[in-house]
> 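First, the structure itself, so that you have it in front of you.
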Amino acid sequence: MALSSRMEQAKSILPRLFRRSTFRVLGELDVVRGYWAETVGPRLAERSEPVRAARGRLVVEVDSEPYLDLLSRMADEVVCCLRSELPDTSVRSIEFRLADVAPRPQEPVKP
């Protein structure tokens with residue numbers, strides 16, 4: 001087998017091994033938090049935060065009603081993106097809930 005072919009095999013395997021060991025060391029919630037902005041985009045990530053992961057359910061707090069509504073409608077898509085980015089995740093569903101925070105100035109929500 002040529003060296004370049006071996007290197008390509010290693011490149012395809014290493015990220016998956018790293019993710020698997022990262023889940024064990026950090027815990028699923030921390031790994032999901034690390035990929036949250038990449039999953040929902042920076043604007044929605046600023047307005048939401050994963051707070052719990054247990055038994056296949058991810059709980060995410062959102063800072064305003066309009067963003068809660070938007071993310072709730074996107075739940076299936078967000079789960080799909082998370083599972084694509086993190087194949088070893090146990091997340092199968094997401095519960096979005098309103099966080100207890102001081103209200104921010106309202107901005108128009110763009111889907």
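Since the structure is predicted, the reported quantities are computational estimates derived from the model, not experimental observations.
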> Where is the tightest heavy-atom contact between S64 and R47, given as atom of each residue plus distance?
OG-NH1, 4.4 Å
> Is the side chain of S72 donor-acceptor paired with the backbone N or O of L68 at a distance under 3.5 Å, no angle test?
yes
> Kindly compute the distance separating CD (E61) from CG (D100), expressed to the nearest 0.5 Å.
7.5 Å
> Look at the side-chain heavy atoms of Ile, Leu, Val, Met, Phe, Trp and Tyr, link any pair under 4.5 Å apart, and say whether V32 and V51 land in one connected group.
no
> Can you name the closest pair of heavy atoms from A37 and A45 and give their distance?
CA-CB, 3.6 Å
> Are side-chain heavy atoms of L44 and V78 found at a separation under 4.5 Å?
no
> For a side-chain contact (heavy atoms from CB on, under 4.5 Å) with F96, tell me which candidate from V59, L70, L71 qualifies.
L71
> Considering non-hydrogen atoms only, spot the tightest contact between I94 and A75 and give its length.
CD1-O, 4.3 Å
> Can you tell me which residue among T89, L82, V79 is in a side-chain contact (heavy atoms from CB on, under 4.5 Å) with L58?
L82
> What pair of heavy atoms forms the shortest contact from E85 to Y35, and how long is it?
CG-CD2, 3.3 Å
> Between the main-chain N or O of P50 and the side-chain N or O of R33, is there a donor-acceptor pair closer than 3.5 Å?
yes
> Does the side chain of Y67 come within less than 4.5 Å of R43's, by heavy atoms?
yes
